[in-house]
Amino acid sequence: MIRAATSLILYLLTAPVGSETIEVRDRGAIDLKTFECRDINRSSLIQRVCYDRTRRHLIVGIRGRYDDYCELPQQTFDAFMTAPSMGQFFKENIRGSGPDDRYDCRTHRSANH
């Protein structure tokens with residue numbers, strides 16, 4: 001039994017760590033290996049946030065569904081993460097109402113996407 005437990009521990013320690021992939025609405029699968037992700041428990045709307053600082057690419061999880069936002073400045077991300085109400089900040093400053101929205105990835109996709 002000890003040998004089996006030791007083998008399992010060694011396997012877990014040496015197993016390659018794969019990156020997580022999620023399905024994003026209107027985009028399909030996105031690999032999160034370049035993103036820093038945080039589970040959010042202080043918002044009734046926002047469940048998870050992933051941000052790639054280099055590409056300025058934000059993914060937001062709301063009620064089990066993911067949407068992404070492109071060319072989002074670091075300052076806006078930082079303000080979002082520290083806002084008293086993340087949901088209100090998100091609605092007022094990030095989420096848009098159409099394809100001409102300032103962070104809509106369909107019209108503001110960076111060269112790295």
Side-chain angles (χ1 to χ4, degrees):
M1 180 129 156
I2 292 174
R3 184 176 286 182
T6 302
S7 295
L8 177 60
I9 291 170
L10 288 173
Y11 171 76
L12 292 173
L13 291 174
T14 59
V17 177
S19 59
E20 180 183 2
T21 301
I22 59 170
E23 288 292 320
V24 175
R25 184 169 46 159
D26 297 328
R27 291 286 302 269
I30 292 183
D31 189 338
L32 296 177
K33 70 181 171 188
T34 62
F35 288 80
E36 176 186 332
C37 295
R38 301 177 195 176
D39 292 325
I40 306 299
N41 56 19
R42 65 180 188 91
S43 173
S44 59
L45 178 67
I46 310 296
Q47 296 174 320
R48 190 171 189 209
V49 173
C50 298
Y51 186 64
D52 181 326
R53 294 179 191 279
T54 303
R55 295 187 314 178
R56 301 180 348 154
H57 188 186
L58 174 70
I59 297 174
V60 178
I62 298 174
R63 296 185 184 100
R65 203 164 75 184
Y66 291 98
D67 291 307
D68 66 337
Y69 303 88
C70 293
E71 300 301 323
L72 187 91
Q74 177 72 47
Q75 302 91 317
T76 304
F77 173 74
D78 291 340
F80 175 43
M81 294 306 294
T82 59
S85 171
M86 291 182 77
Q88 183 176 355
F89 185 94
F90 175 73
K91 290 175 187 175
E92 293 175 359
N93 298 285
I94 299 174
R95 181 172 67 187
S97 59
D100 293 329
D101 174 54
R102 68 180 131 172
Y103 303 121
D104 189 304
C105 290
R106 292 172 290 185
T107 56
H108 297 89
R109 189 171 297 181
S110 71
N112 293 329
H113 289 79

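Everything numeric in this text was worked out from a predicted model, so none of it was measured.
Across every non-hydrogen atom of A79 and F89, the tightest pair is CB-CZ, 3.7 Å. Closest approach of T21 to A29, counting heavy atoms only: CG2-CB, 3.7 Å. Contact record, R42 with M81: NH2-O, 2.6 Å, taken as the closest heavy-atom pair. When all heavy atoms of C70 and R27 are compared, the pair lying nearest together is SG-NH1, 4.2 Å. Scanning both residues, I94 and Y103, for their nearest heavy atoms gives O-CD1, 3.8 Å. Residue S43 comes nearest to G87 through the heavy atom pair OG-N, 4.0 Å, listed as atom of the first residue, atom of the second, then distance.
Within the model, atoms CD1 of I40 and CD1 of I46 stand 8.0 Å from one another, a figure rounded to the nearest 0.5 Å. The structure places CD1 of I30 at 10.0 Å from SG of C50, a figure rounded to the nearest 0.5 Å. Rounded to the nearest 0.5 Å, atoms CZ (R63) and CD (Q47) are 8.0 Å apart. If you take CD on E71 and CG on L58, they are separated by 12.0 Å, rounding to the nearest 0.5 Å. We find the OG-NZ distance between S85 and K91 to be 7.5 Å, quoted to the nearest 0.5 Å. D68 CG to D52 CG: the interatomic distance, rounded to the nearest 0.5 Å, is 11.5 Å.
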Decide yes or no on side-chain contact (heavy atoms from CB on, under 4.5 Å) for H57 and T34, but give the supporting numbers first.
CA-CA 10 Å; H57 188 186; T34 62; over 6 Å; no
Derivation of the side-chain contact (heavy atoms from CB on, under 4.5 Å) call for I59 and D67:
CA-CA 6 Å; I59 297 174; D67 291 307; over 6 Å; no
Run the side-chain contact (heavy atoms from CB on, under 4.5 Å) test on V60 and R95 for me, step by step, so that the C-alpha distance in whole Å, both residues' side-chain angles and the decisive distance to 0.1 Å come before the verdict.
CA-CA 10 Å; V60 178; R95 181 172 67 187; over 6 Å; no
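Tested against E36, the residues R48, R53, R55 include a single salt bridge (Lys or Arg N to Asp or Glu O under 4.0 Å) partner, R53. None of F35, Y69, F80, F77 except one satisfies the ring pair (Phe, Tyr, Trp, His ring centres under 6.0 Å) rule with Y51; the exception is F77.
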